[in-house]
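Below, chain A is the first sequence line, B the second, and so on; all start at residue 1.
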Number of protein chains: 2
Amino acid sequence: MDQAPKLVTDLLLPERGGGYAKGHETRELILRTALHLLIEEGYRAMSMRRVATACGMKLGNLTYHYPTREDLVRELLNAVISSYEVEFAAIVHAPGVPPEERLARVCGLIIDDIGSKKSTRLFPELWALANHDAFVYERVHELYDRARAPIVEIVAEMRPDLSEADRFDLSLFISASMEGLTVFAGYQRPYGERLTAVEAIAIRSFIDIVRSFKGSQ
Amino acid sequence: MDQAPKLVTDLLLPERGGGYAKGHETRELILRTALHLLIEEGYRAMSMRRVATACGMKLGNLTYHYPTREDLVRELLNAVISSYEVEFAAIVHAPGVPPEERLARVCGLIIDDIGSKKSTRLFPELWALANHDAFVYERVHELYDRARAPIVEIVAEMRPDLSEADRFDLSLFISASMEGLTVFAGYQRPYGERLTAVEAIAIRSFIDIVRSFKGSQ
DNA sequence: TCCTATTTAGGACAGTTGACAATTTTGCTT
DNA sequence: AAGCAAAATTGTCAACTGTCCTAAATAGGA
C-alpha cells in the first residue's frame, strides 16, 4: 500500500541444472529475503544468520546453497541486475515516435523507477559497496552502461553532427542527472513529493541541451 | 600525488572547554583517522579497535574520548559536515558578477569537489547510512539544504517572475544533477576523466533551463 | 606544587559473525 | 519400494564486535 506499481521484476535468477525444484524455490526465497533485508535494514543487517532466520530455515541450509557470504552477495547482485537489464532491453524500440518523445519516455521510466522504494534504497547501498568491492563496482557500472545505451542511441539520432565523444558526454550527463535525484527526491527522501515536478524540468532540460549543444571543437 | 588540491578543510571539530590542548589534538587525530578508514575501507572497517590501532593508541583511550561508537560517528559526521558548511558559506558573495557567472562558479566548485577522492568515496557511504540512520539522514540533508541555498538565491535573481516552488524545483534539479555525477564521473569512477567535459555541459544546461523555464502554471 | 586530564595496560563481558563438519531428513528416479 | 542425491538440521569453531571496568602511570595547567 505504500508502493508505486512495480516497474521491474525484483529478481531473475539463473537456472541451475540437476537440482530439485525445491532447491530452486529455496534459492529464490533466500535471494528475495536477502534483498528485502538489504532494502529494509541495510547491508549490515544482511548477515547469513539473519537471512536464514528470516527465511525460516537453519543457517546450515543457507550455507549449503550459498557456501560463503560472498557467494550470496554475488548471486543476489546478479539476480537483481539481470531483472533491470531485462527491463531496459524492452524499452529501446518504438518505431515512428520522434526521438524527443522517445527520450522523454525513457527518462520518464527511469525517473519513475528512481522514485520506487526498491531503487531509492538499493542503489545507494550498491554505490557504497562499489567503493570497496571490485565485483560490485564492475557489475553496477555494467548495468548503467546498458541503461545508458538507449539514451546514447537517441542522442545520436538527434545530433548526428556531433562527435561520438560529445554524444556520450551528453548521455552521461543525462543519466547522472537522473540518478542524482535518488538522494533528494527518491522514495521517502526529503523532496520526494517534488519528483514529478522535477522530472518535467529534467526532461525539458535534457531535450534542450541535446538540441542546442555546440560541439566541443 | 593522486589528489587534486584540497577544496574543503577535511575536518572542523568543536572546541571543548576545560580540556588540555593534548586532548584536542588526540580527538582530531581520532576523527581524522576514522575518516581515513571510512574513505579507504568503508564503514565496516571503521570499528573502534581498528580506529584505535590505526591511531597508535589503546582501545581504552579511544573510549575515553568517545565512549560509544555512536558518539564517534556523530562527532565525525559533525566535523566533516561543518567543514563543508564553512566552505559553502564563503562562496555566496561576489558582488558585481552577473548571476549566470555566479551560477557557473558555484556549480564549478561543487563539481570540482565531487571529483575529489574524499567526496567521491564519502558521500555514497553517507547516502547508504542515511537510509537506515535518522541522525545521518538529518545531518546530510541539512548540509545539502545549505549547499543549495546559494543556488536558490541565484535562480531567484535570474527568474523573479517564477513562483518560489518553481525556483526551488529548478535548484533541486541542478543540485541533484551534480551529485549524480559522483557515481559516474567521480574520483576513479569509470568516466572520471570526462568530468570536466560533462561539467561544461551541465553548467550550460543549468543556465539554459533556468533562463527558458516556463512556470508550472 | 597540586589537581585534573590524559594515557597505558590489562582484562572481561555478552553478543555476533562467517565458516565448517557430521548427521539426518527429504525428494526424485529407477 | 529401494537407493541415491539433494536438501535440511545440528553443533562447533575461532575471530571479531561494542561496551565496560580497574589500576596505575604520565603529563598539562593553575
Side-chain angles (χ1 to χ4, degrees), chain A residues 13-35 37-38 40-77 125 128-129 132-133 135-136, chain B residues 13-35 37-38 40-77 125 128-129 132-133 135-136:
Chain A
L13 48 159
E15 293 297 328
R16 193 188 287 191
Y20 297 162
K22 186 80 183 289
H24 190 79
E25 280 173 31
T26 302
R27 280 186 291 276
E28 177 155 352
L29 172 65
I30 290 172
L31 295 188
R32 202 170 294 282
T33 306
L35 177 61
L37 231 37
L38 178 61
E40 295 298 330
E41 303 190 48
Y43 186 69
R44 305 191 71 190
M46 205 187 72
S47 71
M48 298 293 273
R49 276 178 177 79
R50 288 210 56 182
V51 171
T53 310
C55 284
M57 72 180 58
K58 298 299 173 181
L59 176 61
N61 195 23
L62 176 56
T63 66
Y64 167 75
H65 290 288
Y66 300 100
T68 73
R69 181 175 149 89
E70 200 187 332
D71 291 324
L72 175 61
V73 172
R74 289 171 69 111
E75 291 303 307
L76 175 60
L77 197 58
E125 298 281 345
L129 284 181
H132 310 99
D133 183 318
F135 175 77
V136 177
Chain B
L13 47 159
E15 293 298 328
R16 194 187 286 190
Y20 294 165
K22 188 80 181 290
H24 190 80
E25 280 173 31
T26 301
R27 282 186 289 276
E28 178 156 352
L29 172 65
I30 291 172
L31 295 188
R32 203 170 294 283
T33 305
L35 177 61
L37 230 39
L38 178 61
E40 295 297 330
E41 303 190 49
Y43 187 69
R44 305 191 72 189
M46 206 187 72
S47 71
M48 298 293 272
R49 277 176 179 80
R50 287 209 56 180
V51 171
T53 312
C55 284
M57 71 181 58
K58 299 297 174 180
L59 179 61
N61 196 21
L62 176 56
T63 63
Y64 168 75
H65 290 289
Y66 300 101
T68 73
R69 181 175 150 89
E70 201 187 331
D71 291 325
L72 175 61
V73 172
R74 288 172 69 111
E75 291 302 307
L76 175 60
L77 197 58
E125 298 282 345
L129 283 180
H132 309 100
D133 183 316
F135 176 76
V136 177

Of the listed nucleotides (D/dA6, C/dC20, D/dG18), which one gets closest to any side-chain atom of A/Thr63? C/dC20
Within 45° of the axis and under 6.0 Å from the centre of the six-membered ring of B/Tyr64, does NZ or CZ of B/Arg27 qualify? no
Could you state the [atom1]-[atom2] distance from [X] to [N], rounded to the nearest angstrom?
X: B/Met48; N: C/dA14; atom1: CE; atom2: P; answer: 20 Å
X: B/Tyr66; N: D/dT19; atom1: OH; atom2: P; answer: 15 Å
X: B/Glu70; N: D/dT19; atom1: CD; atom2: C1'; answer: 13 Å
X: A/Met57; N: D/dA6; atom1: CE; atom2: C1'; answer: 14 Å
X: A/Arg50; N: D/dT17; atom1: CZ; atom2: P; answer: 20 Å
X: A/Leu59; N: C/dT17; atom1: CG; atom2: P; answer: 10 Å
X: B/His65; N: D/dT19; atom1: NE2; atom2: P; answer: 17 Å
X: B/Glu25; N: D/dA27; atom1: CD; atom2: P; answer: 15 Å

Under 4.0 Å from OP1 or OP2 of [N]: is there any side-chain N or O of [X] that close?
X: A/Arg49; N: C/dT17; value: no
X: A/Thr26; N: D/dA8; value: yes
X: B/Asn61; N: C/dT8; value: yes
X: A/Tyr64; N: D/dA7; value: yes
X: A/His24; N: D/dA6; value: no
X: A/Ser47; N: C/dT17; value: yes

Here's a test of your reading of the structure: between B/Lys22 and B/Arg44, which maps to the more 5' nucleotide of DNA chain D? B/Arg44
Give B/Lys58 one of three labels, base, sugar-phosphate or nothing, depending on what nucleic acid heavy atoms sit under 4.0 Å from its own. sugar-phosphate
Base, sugar-phosphate alone, or nothing: which one does A/Gly60 contact when heavy atoms must sit under 4.0 Å apart? base
Taking everything shown except A/Glu70 itself, do over 12 heavy atoms lie less than 6.0 Å from its CD?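 Atom CD in A/Glu70 is not packed in, count stays at 12 or less.
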Strictly distance-based, threshold 3.5 Å: is any side-chain N or O of A/Thr63 a donor or acceptor partner for the main-chain N or O of A/Tyr66?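 Looks like no, no N/O pair under 3.5 Å.
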State whether the side chain of A/Asp71 and the backbone N or O of A/Thr68 hold a donor-acceptor pair below 3.5 Å, judged by distance alone. yes
Salt bridge check: are B/Glu41 and B/Arg50 linked by an N-O gap of less than 4.0 Å? yes
